[in-house]
Asker: 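One structure follows; several queries about it will come next.
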Amino acid sequence: MVENEVTLCQTDRPKGPTSPRERRYEAILDAAETLFMDQGYDRTSLAEIVRRSGGSLATLYELFGNKQGLLHAIAVRWRDETMHGRVNQVEASDTSAVEILMGFVRREIGLWQSPRTVALLRMLVSEGLRDRDFALQTYRDLHLPFIAEVSALFSEWAATGKAAIDDPEAAAHLFLSTISGDMMLNRLFGVEDAMLDEAQIRWRLQPFFSHFRIG
């Protein structure tokens with residue numbers, strides 16, 4: 001069971017659903033996420049989700065298509081919640097480019113320390129191994145938006161002379177793989193004592209900063 005993680009994240013969400021349909025959508029997602037986290041994706045039935053959320057199976061099928069659609073919708077909601085804190089933060093004008101990226105690193109470390117993140121990623125990986133189309137959709141909808149955000153930042157720095165980045169998209173892939181690769185694998189496999197800290201990641205990023213002249 002993921003201790004209080006779903007409840008805490010739900011209370012932090014922006015005030016959103018206003019129409020009955022939106023409230024029903026969120027209620028089903030909340031119920032599904034809680035049950036998936038508590039007892040596992042495979043062991044949770046759609047009937048249980050409907051009993052917890054109210055409504056009907058017909059409404060669930062109409063809104064999400066099937067159980068896999070529910071998992072995807074939960075993942076997209078998680079993406080939207082975490083993107084706000086990972087990339088789209090206004091930094092002080094005197095903050096260096098290096099420290100802007102290290103702020104991103106700190107948020108990534110915090111994200112990968114979240115039991116909710118780890119549990120969700122394990123479910124997505126498991127389902128992706130069973131269904132390649134689902135895996136590709138998950139990659140497109142969860143990973144590529146972060147690549148696009150970081151790439152846009154690098155493009156801006158290249159255009160304003162803050163960095164010498166000739167291929168912002170490739171640099172974004174390199175940056176994210178450097179800071180997330182080990183954290184993702186270690187957390188997914190439960191090897192918590194091998195998690196890199198900020199100082200270790202900063203050391204790994206020094207060649208990246210030097211090559212692209214990020215100061």
Side-chain angles (χ1 to χ4, degrees), residues 9 12-14 16 25-26 29 32-33 36 41 63-91 97 100-114 116-160 162-189 196 201 204-205 207-209 211-212 214:
C9 290
D12 289 339
R13 289 181 196 138
Y25 183 94
E26 289 295 322
L29 274 193
E33 182 170 345
F36 290 168
Y41 175 76
L63 292 174
F64 302 100
N66 53 27
K67 188 176 173 182
Q68 194 179 78
L70 264 172
L71 180 59
H72 179 261
I74 290 168
V76 168
R77 184 168 70 172
W78 171 86
R79 177 204 67 193
D80 293 342
E81 292 167 358
T82 58
M83 273 191 78
H84 175 71
R86 291 168 80 183
V87 181
N88 296 325
Q89 290 204 353
V90 177
E91 304 287 349
I100 289 174
L101 292 181
M102 291 311 300
F104 181 85
V105 167
R106 292 180 198 108
R107 292 188 284 274
E108 286 294 288
I109 291 173
L111 184 65
W112 282 105
Q113 289 173 339
S114 161
R116 180 195 183 206
T117 295
V118 177
L120 177 58
L121 266 292
R122 283 174 175 161
M123 286 187 279
L124 292 171
V125 168
S126 177
E127 189 64 16
L129 290 173
R130 288 190 289 235
D131 186 332
R132 186 172 183 274
D133 288 339
F134 178 81
L136 292 174
Q137 183 180 29
T138 299
Y139 177 81
R140 287 193 299 267
D141 293 344
L142 266 65
H143 184 63
L144 292 186
F146 291 113
I147 292 292
E149 291 287 347
V150 176
S151 178
L153 180 65
F154 288 169
S155 293
E156 178 187 339
W157 288 354
T160 56
K162 291 183 179 179
I165 301 176
D166 56 336
D167 189 335
E169 184 176 348
H173 278 284
L174 177 59
F175 173 71
L176 289 175
S177 65
T178 301
I179 67 172
S180 295
D182 281 4
M183 285 193 286
M184 180 183 296
L185 286 174
N186 290 336
R187 288 293 278 146
L188 288 177
F189 286 107
L196 297 176
I201 295 175
R204 286 189 173 195
L205 284 172
F208 181 90
F209 296 150
H211 177 76
F212 292 114
I214 299 173

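None of the values given here were measured: they were computed from a predicted structure.
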Asker: Of all residues at least two apart in sequence or in a different chain, which pass the side-chain contact (heavy atoms from CB on, under 4.5 Å) check with A32?
Answerer: F36, I49, L70, I74
Asker: Please check if the number of heavy atoms outside R130 that lie under 6.0 Å from its CZ is greater than 12.
Answerer: yes
Asker: Report yes if the side chains of L101 and L205 come closer than 4.5 Å at any heavy-atom pair, otherwise no.
Answerer: no
Asker: Could I get the full list of side chain to side chain donor-acceptor pair (under 3.5 Å) partners for D141, not counting sequence neighbours?
Answerer: H72
Asker: Would you say L176 and F104 make side-chain contact, with heavy atoms under 4.5 Å?
Answerer: yes
Asker: List for me each residue that meets salt bridge (Lys or Arg N to Asp or Glu O under 4.0 Å) alongside R106, sequence neighbours excluded, and say none if there are none.
Answerer: E99, E198
Asker: Can the ring centres of F154 and F212 be said to be less than 6.0 Å apart?
Answerer: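 No.
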Asker: My understanding is that only residues two or more places apart in sequence, or in another chain, count here; which of them pass side chain to side chain donor-acceptor pair (under 3.5 Å) with Q68?
Answerer: E127, D131
Asker: List for me each residue that meets side-chain contact (heavy atoms from CB on, under 4.5 Å) alongside L63, sequence neighbours excluded, and say none if there are none.
Answerer: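 Testing L63 for side-chain contact (heavy atoms from CB on, under 4.5 Å), a comparison that skips the adjacent residues, returns R21, R24, Y25, I28, T59.
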Asker: Return the orientation label for the F208 and F175 ring planes: parallel under 30°, perpendicular over 60°, tilted otherwise.
Answerer: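 Correct class here is tilted.
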Asker: Under the side-chain contact (heavy atoms from CB on, under 4.5 Å) test, which residues partner S151, sequence neighbours left out?
Answerer: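 Partners of S151 by the side-chain contact (heavy atoms from CB on, under 4.5 Å) criterion, ordered by chain and then number, come out as S155, P168, E169, A172.
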Asker: Apply side-chain contact (heavy atoms from CB on, under 4.5 Å) to residues K67 and Y41 and explain how you reach the verdict.
Answerer: CA-CA 9 Å; K67 188 176 173 182; Y41 175 76; 3.7 Å; yes
